[in-house]
Structures are given as structure tokens and as C-alpha cells.
Amino acid sequence: YDTYFNAVATDGAGEIYAVGAQAGASGTDLRGTPDAFQATPSGSVAMMATRWDANGQLLYATFVGGSGHGIPNSVAVEKPGVVWVGGDTDSANMPMPVVNKGLQTQYTAWTKSAYLARLDMNQSGAAGLTYASYFGGLTGGNTSLNKLFLDPSGQVVFCGATFSSIPVTATAMQQAAGGVPRSSVTDNTFLNGDGYIARINPAVGGTAGLTYSSYVGGSDSEAAVSCGVDPKGNLVVAGWTFSTDLFFVAGSPIPYKVTTGGGASNVFLIRIDPTQAGGRVDSILFGGTAGDAAYAMAMDSHGFAYVAGQTFSRTFPVTPFAVQKAYGGDNTAYLSGACCGDAFLLQADLNVIQAVAAGVIQASGDFQFGAPGAFLPAPIAVQIADASGNPLDLSGYPISFTSNSATVAPAQALTDGSGVAGVNVQLSGGDATVVASISAGNYTPYTFHLKAVAGTLPKSVAIISGDKQSGPAGSALALPL
């Protein structure tokens, strides 16, 4: 029967904790160790948790399951021999300790609920399960748990995806679900309506133990796949999304990527102050022109976030010193139902005070003239700028160019690495104006003034007088130019 591990952690003594699942659980001969909480598997797929010493010798193994499916996706070490395991289940009878301070002890999902448990592997038998809880909406729906960890105060933070009315706290970044409406879903297995992040204090029983909970989502489908905490105590959430509306925040390290067709997903990274209502600090939404997804994230002690995932985009943004700058995936095979995209790794410095875009300024091309019906000799271009008009090197912003008296191609362009975006203009029968603006949000636009001139157009100008003069700094020259 199929057996696998899909998450691993270590403690300070070098011991190893691996969690996974055992498929075909009712027919397998795999057993836990003599001191296991649950020595034999139950259901069709059972959660499994193990402990190994630094030399690779098995110290403890147990199953944690009900009568259905259970998949653990994450493990975190509280102290040697004591771990937290989190994942998904469709079992309404997952094990609960006799004395339990769990947040939700009843299964309320349609087909999938998040489940987290604390295992003390230093104890034998039933004493080994010291906390257990479901997490999800109380009126149906589905919820997954993709990652959990312990914050510096010993509280358990976890995140995942939900299509349900999960409980939220007063300081939630987002109080209500923003994703796919229930009226649009006919499949009761649907899950990825919104991401979420939550935190529990396991020392406090029941609903009072929920110290933070928030949706993380826009108007389309998404999932939170990983989460962490920065040195300032802010929660950091990473995932994938088909939404663009919620995540557009001025000043993001990698600010914005417009979806360019095909229903492509993007990668997001959001930082939240859990002490403030609506406390989003900043956010990143990025990717290329095809599907991009984050699968894992880690935070270091210096405030850097590291995000890993997969991309099918040939235009995925890369840095100057990237190990691989060109896309190597085989999209032909992928589109035929086989594979393959590329992996990506992103480092984001969350300590940097990000520049805030206020609008656009002219980069080039204003006050040009040309023959009616002709293209102007040079493109018109704008650059992202701050409130003082200083140019900003912010790539990926979508700039819209609109005119009722000229043809603009393309009508929208993304800013490059210098924060510049440009388009070509074809005049109609007369003078024209073209307004360039950032496509989302309230930002200052720039208006180009272009002139149509009939007849023979001049090719150049000639110097008549005034060239090559000199004079004292700050004084007027003797002759006009």
C-alpha cells in the first residue's frame, strides 16, 4: 500500500519528525511503535507521525485518523518529543483527547475540514494526544490546512484555503470572504474560495482560544500555502491567486502584475499586523504572463522572506544575478496534459521602506507632430513617480493609454525595470491628446499633447547664432540662441 512523508522538522537535539499518510490503511501491515497513540491505521487514508533520532533510528510512530481520509501537510516542533501536526480530513470522527481545549470539536464541513493536533511522543497510548481541533465554517463548506508553526509566544499559527464561513476575530485583515460566491459553485468538494490565516492559544479552551483569524482573498479563487512571522511580529502569508483587486497596494516590493489572459494565476505575499483591524502592512503580487503559484515560504531572523514555487511564464521577472534567467519549461507538453514548468525561488526584503507610487510623469514623446493619419516618429512613454514627481524604478505596473482623437497601440503596457511604459500613436485627422494613467487605484495621470500638421513636415532645424558661447556661472549669455 502507498505510504509517504510530505513534511519534516527537527529539534535542537537533532531528532527528526516526519509526517505523512498511509493509503489503503485498512489493509496495510504497517504498524505504530508499542507506545503509539494509535498503533493501527483506520479509514482509507490515515495520518502518520514519526520521530527518529539523529542517527536515523525510529523512536516513535503513530497513526492519527478517523474512518475516512486524513492527510497531514505540516509539522512543527514545540520541544523535544512534542509536535504539532496539521492537515485535512473528511472524517467526522477524528481523535480528540479526553480533556480537550480544542477550538472546534465537531466536524461541520461538506467534504474537507482542517485538523490540527498536539502529540506528546514522550507519553504512551492515549496520553500522547493532548490537543486536537477541527477548523472551518460552522455551516458547511470546506477548509484545508497547508502550513502551521509556533510563534515566539507559543501560539499556533496556521493557514490554508477555505470555501466556508470561518470564524474571524475583531482585528482581522479581512472580515468577510471575497472569493467565488456560493451561488457559482455546484461541486461540494470545492475548496479554494479564499486563503485564510489563523492563530490559536492552546492553553485557552474553546472559542476564546482563537486569538486571530482572517480571510486572505480577492474576488476570485486563491489559497494560502504557507505562512510565517517576521522579527516585528507581523504575520506573513504566501500563496497563489486568480484575483488582482485585493492585492494591489502601493509601495509593495514587487508591486503588481496584471493578468494577461488565459485565467493565469499569480503569486502573492502579504504581511499583516495582527494587532490592528484591517492591519495589512504591505503586499506583493507578481508573476509572468502564464500561470504562477507559490508552494512554500520561509522567514529568516533578519526579515527576509523566501518563496518557492512553479511558473509556466516565459516572462517571469528575474533579478540581474539570477542563476537561470531564461525559461526552460516545456509548455507544449504541458498543454497536451503532460508537464512541465520551471521552479522559481524569490527573496523579498521586508525591512525595506518601499517607494510609494503617486502617478506617472512624462518619460518621452510629448509635443510631437506628424501628418494626419500617420504614426508619430517616436513612441510616447511615461514613468512611475512619487508624490514629488521623482521617478521610481517600479516594474510591472499596468499603464493605460486612452485617446478619443488618435489610435494607441497597445492600449495598455506594463512598466519595465526602469518604471517606464510606452506605446505608439497614430494620428487621426487633427490634433490629439493621450491620457496615460496607472490602471488601478487613484493616481495622477499624464496628458500628452500631439499635433497634426498637413503638408511637408520639417526634417531638422539649423543653428543661426549663439552656439559655443561662454560666460560666468549664473550670468546671462551675451547673445541669444
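Starting from 1, each residue takes its place in the sequence as its number. Because the structure is predicted, anything quoted here is derived from the model rather than measured.
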Audit row: L145, L116, side chain to side chain contact (heavy atoms under 4.5 Å, CB included) steps and yes/no: CA-CA 8 Å; L145 191 157; L116 63 159; 4.1 Å; yes
Ring pair (Phe, Tyr, Trp, His ring centres under 6.0 Å): pairs with one or both residues in [range], sequence neighbours excluded:
range: residues 202-241; value: W240-F242
range: residues 156-184; value: F135-F158, F163-F190
range: residues 61-102; value: W84-Y131

Donor-acceptor pair between Q104 and T108 side chains, under 3.5 angstrom: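 There is no such pair (donor and acceptor under 3.5 Å, judged by atom type) between the side chains of Q104 and T108.
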Backbone N/O of A170 and side chain of Q175: donor-acceptor pair under 3.5 Å: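 Yes, the answer is positive, given that a donor and an acceptor are paired below the 3.5 Å cut-off.
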Rounded distance [0.5 Å steps], [atom1] in [X] versus [atom2] in [Y]:
X: Y107; Y: S91; atom1: OH; atom2: OG; result: 7.5 Å
X: F448; Y: S403; atom1: CZ; atom2: OG; result: 11.5 Å
X: R118; Y: N100; atom1: CZ; atom2: CG; result: 12.0 Å

Going by ring-ring contact (aromatic ring centres under 6.0 Å, His included), name the residues that satisfy it together with [X], two or more places apart in sequence or in a different chain.
X: Y295; result: none
X: F37; result: none
X: F344; result: F316
X: F149; result: none

Taking side-chain hydrogen bond (donor to acceptor under 3.5 Å, both in side chains) as the test, write out the residues that go with [X], two or more places apart.
X: R271; value: D230, D282
X: Y4; value: none
X: S165; value: none

side-chain contact (heavy atoms from CB on, under 4.5 Å) against S388, all qualifying residues, sequence neighbours excluded: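 Checked S388 against side-chain contact (heavy atoms from CB on, under 4.5 Å); matches are D386, N390.
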Set of residues satisfying side-chain contact (heavy atoms from CB on, under 4.5 Å) with respect to T111, sequence neighbours excluded: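 With sequence neighbours excluded, T111 shows a side-chain contact (heavy atoms from CB on, under 4.5 Å) to N142, N188, T189, given in chain and number order.
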Closest non-hydrogen atom pair between P95 and G65, with its separation: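 Scanning both residues completely, I find the closest heavy atoms to be CD-O, 3.5 Å.
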